[in-house]
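Proteins come first, then strands; the chains are lettered A, B, ... in the order of their sequence lines, and each starts at number 1.
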Protein chains: 2
Amino acid sequence: MSQPTTRERIEEKADELFYEAGFGATSFADIADAVGISRGNFYHHFKSKDDILDAVISRRLAATRRMLDEWEVDATPKERILSFIRILITNRTKIMAFGCPVGTLTTELAKLEHVAEDRAAEIFELFREWLACQFRALGHGDDAEPLALHLLGRSQGVAVMASAFKDEAFISSEVAQIEVWLDQHSNQPQTKG
Amino acid sequence: MSQPTTRERIEEKADELFYEAGFGATSFADIADAVGISRGNFYHHFKSKDDILDAVISRRLAATRRMLDEWEVDATPKERILSFIRILITNRTKIMAFGCPVGTLTTELAKLEHVAEDRAAEIFELFREWLACQFRALGHGDDAEPLALHLLGRSQGVAVMASAFKDEAFISSEVAQIEVWLDQHSNQPQTKG
DNA sequence: TGACAATTAGGACGACTGTCCTAACTCTCG
DNA sequence: CGAGAGTTAGGACAGTCGTCCTAATTGTCA
């Protein structure tokens with residue numbers, strides 16, 4: 001592990017700030033202060049704010065791929081899906097404060113009619129395809145895709161409500177219910193949804 | 001019905017713009033243009049942007065109460081809950097474009113650490129209490145509150161995913177599933193959750 | 001050491017932000 | 001008609017935004 005470059009440090013801090021304060025509400029001054037560099041220095045590394053957003057999305061895409069890869073070491077597809085579900089528990093503090101980083105970014109970019117909206121949604125696609133793959137491994141055919149989307153939606157709902165009510169018990173309760181749902185869809189796979 | 005006052009027209013347009021573009025991304029100039037009045041005229045009606053936000057939230061609270069009241073005419077608690085679920089169908093076009101107005105506003109205000117965050121969450125509370133009331137009428141006791149929160153979360157999840165993927169079929173499919181879930185929780189109420 | 005590229009700091013820029021002020025206008029009522 | 005309150009338009013304001021420029025600094029290699 002070498003020292004992170006200035007560019008990498010900008011991406012890292014921008015990633016954090018875009019998550020915690022939102023893309024629109026994060027200014028160059030905010031990022032510069034967080035990194036500890038001068039404002040003018042910025043345009044040597046990124047040619048615009050949209051350029052930083054693009055780098056942040058790429059960064060998140062890469063981080064997601066890495067995380068999904070790591071989960072592949074889990075023995076069974078069911079355990080892999082459980083790893084996904086339990087992000088809600090692992091990241092509960094940040095989720096209660098700022099929501100889901102993927103959901104909130106795509107939502108904000110949709111309202112801004114920002115060109116990067118589709119790229120942000122690619123992170124969702126990554127999860128969806130990976131989950132569908134796991135459901136297929138569980139014996140689901142045409143159901144795999146809808147099941148993946150459904151699970152994605154369930155976790156997004158948990159994130160939104162947990163953030164609105166700052167309710168940790170709600171997260172635990174919902175995660176437990178989703179695990180029951182997963183049981184029902186992993187032990188005796190159905191041919192009809 | 002009398003002509004709407006200027007104040008009411010400002011609230012109405014601000015409400016729309018806060019929903020479609022977000023609170024932070026909506027400027028006074030945007031609202032003034034939409035209403036068709038001068039910028040300076042604004043501060044005769046509202047003393048600050050936060051003041052407009054407050055009025056918009058009050059407006060939404062009132063509209064929600066009115067809607068919930070109207071649903072009370074539905075014959076059974078189950079039908080009332082169905083009315084709630086079917087907002088997702090009725091408003092699908094706007095939801096696919098901008099998400100849920102309640103969820104996206106609370107999410108944004110949470111990131112902004114805005115004082116009005118709690119007031120925005122009150123709209124959620126209105127739905128939660130009303131839904132819990134309906135579940136109690138269906139014979140649920142301690143389960144009523146968790147069931148209400150669960151249903152709220154499910155619809156939020158649908159809204160987020162529908163907006164991210166612009167997927168109308170997903171909304172229909174999820175609504176159908178939620179209706180099945182409601183069947184299971186209205187025909188033979190359980191004593192354990 | 002000297003030359004040259006990469007990196008940095010700091011400030012200028014025009015546009016836009018929320019806020020506030022003032023002068024003009026419209027309406028109502030005596 | 002004329003007075004006075006309510007309402008309006010338009011611009012000034014200090015600050016911040018994203019962007020860009022230039023000069024100084026650092027690092028690298030002959």
Side-chain angles (χ1 to χ4, degrees), chain A residues 2-59 105 108-109 111-117 119-120, chain B residues 2-59 105 108-109 111-117 119-120:
Chain A
S2 58
Q3 291 281 47
T5 64
T6 302
R7 189 189 159 93
E8 284 166 346
R9 289 195 302 139
I10 293 174
E11 288 180 9
E12 183 189 336
K13 291 296 180 185
D15 194 342
E16 281 180 30
L17 288 167
F18 288 176
Y19 175 35
E20 299 179 2
F23 169 71
T26 301
S27 70
F28 273 74
D30 295 331
I31 304 172
D33 285 354
V35 178
I37 58 168
S38 121
R39 234 157 288 110
N41 187 6
F42 249 98
Y43 283 78
H44 186 260
H45 301 279
F46 299 94
K47 70 174 195 293
S48 70
K49 197 185 177 188
D50 289 352
D51 207 35
I52 299 185
L53 175 60
D54 223 58
V56 166
I57 294 175
S58 297
R59 195 184 145 87
L105 182 64
E108 180 180 2
L109 295 183
K111 283 182 197 274
L112 297 177
E113 299 189 85
H114 197 287
V115 285
E117 186 194 346
R119 282 210 75 212
Chain B
S2 58
Q3 292 281 47
T5 65
T6 302
R7 189 189 160 93
E8 284 164 347
R9 289 195 302 139
I10 293 174
E11 288 180 9
E12 184 190 335
K13 290 296 180 185
D15 194 341
E16 282 179 30
L17 288 168
F18 287 177
Y19 175 34
E20 299 179 0
F23 169 71
T26 301
S27 71
F28 272 73
D30 295 332
I31 304 173
D33 285 354
V35 178
I37 60 168
S38 118
R39 235 159 286 110
N41 187 7
F42 249 99
Y43 283 77
H44 187 261
H45 301 280
F46 300 93
K47 70 175 197 291
S48 70
K49 196 184 177 187
D50 289 351
D51 207 34
I52 299 184
L53 176 60
D54 224 57
V56 166
I57 293 175
S58 297
R59 193 185 149 85
L105 182 63
E108 181 180 0
L109 295 183
K111 283 181 196 275
L112 296 176
E113 299 188 86
H114 196 287
V115 285
E117 186 193 346
R119 282 210 73 213

*asked:* Checking E16(A) against E12(A) for the side chain to side chain contact (heavy atoms under 4.5 Å, CB included) test, could you report, in this order, the C-alpha distance in whole Å, the side-chain angles of both residues, the deciding distance, and whether it holds?
replied: CA-CA 6 Å; E16(A) 281 180 30; E12(A) 183 189 336; 4.1 Å; yes
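- Applying the side-chain hydrogen bond (donor to acceptor under 3.5 Å, both in side chains) rule to H114(A) yields the partners D50(A); only residues at least two apart in sequence or on another chain are considered.
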N/O donor to acceptor pairs below 3.5 angstrom from side-chain atoms of residues 21-34 of chain B, sequence neighbours left out:
from   : atom 1 : to     : atom 2 : distance (Å)
T26(B) : OG1    : L17(B) : O      : 3.3
T26(B) : OG1    : G22(B) : O      : 2.6
S27(B) : OG     : A29(B) : N      : 3.4
S27(B) : OG     : D30(B) : N      : 3.2
S27(B) : OG     : D30(B) : OD2    : 3.2
D30(B) : OD2    : S27(B) : N      : 3.0

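- A straight line from CZ of F46(A) to C1' of dA6(C) spans 16 Å, rounded to a whole angstrom.
- Position along DNA chain D of the nearest nucleotide to K47(A) versus D30(A) favours D30(A) as the more 5'-ward residue.
- Among the protein residues, T26(A) comes within range of the sugar-phosphate backbone only, with heavy atoms under 4.0 Å from sugar or phosphate atoms but none that close to a base.
- In plain terms, the two heavy atoms of L105(A) and A120(A) that are nearest each other are CD2-CB, 4.1 Å.
- A heavy atom lying under 4.0 Å from DNA chain C marks the following residues of residues 33-45 of chain B, by number: G40(B), Y43(B).
- Contacts between chain B and DNA chain D, taken as any atom within less than 4.0 angstrom of a protein heavy atom, begin and end at dT7(D) to dG11(D).
- Partners of R119(B) according to the side-chain hydrogen bond (donor to acceptor under 3.5 Å, both in side chains) rule, which considers only residues two or more places apart in sequence or in another chain, are D54(B), S58(B).
- dT7(C) atom P lies 12 Å from atom CD of E8(A), rounded to whole Å.
- For the side chain to side chain contact (heavy atoms under 4.5 Å, CB included) test with D15(B), the passing option among V56(B), I52(B), I10(B) is V56(B); the others fail.
- Checked against side-chain hydrogen bond (donor to acceptor under 3.5 Å, both in side chains), R39(B) has no partners two or more places apart in sequence or in another chain.
- Annotation for A116(B) and L53(B): closest pair CB-CD2, 3.8 Å, computed over non-hydrogen atoms.
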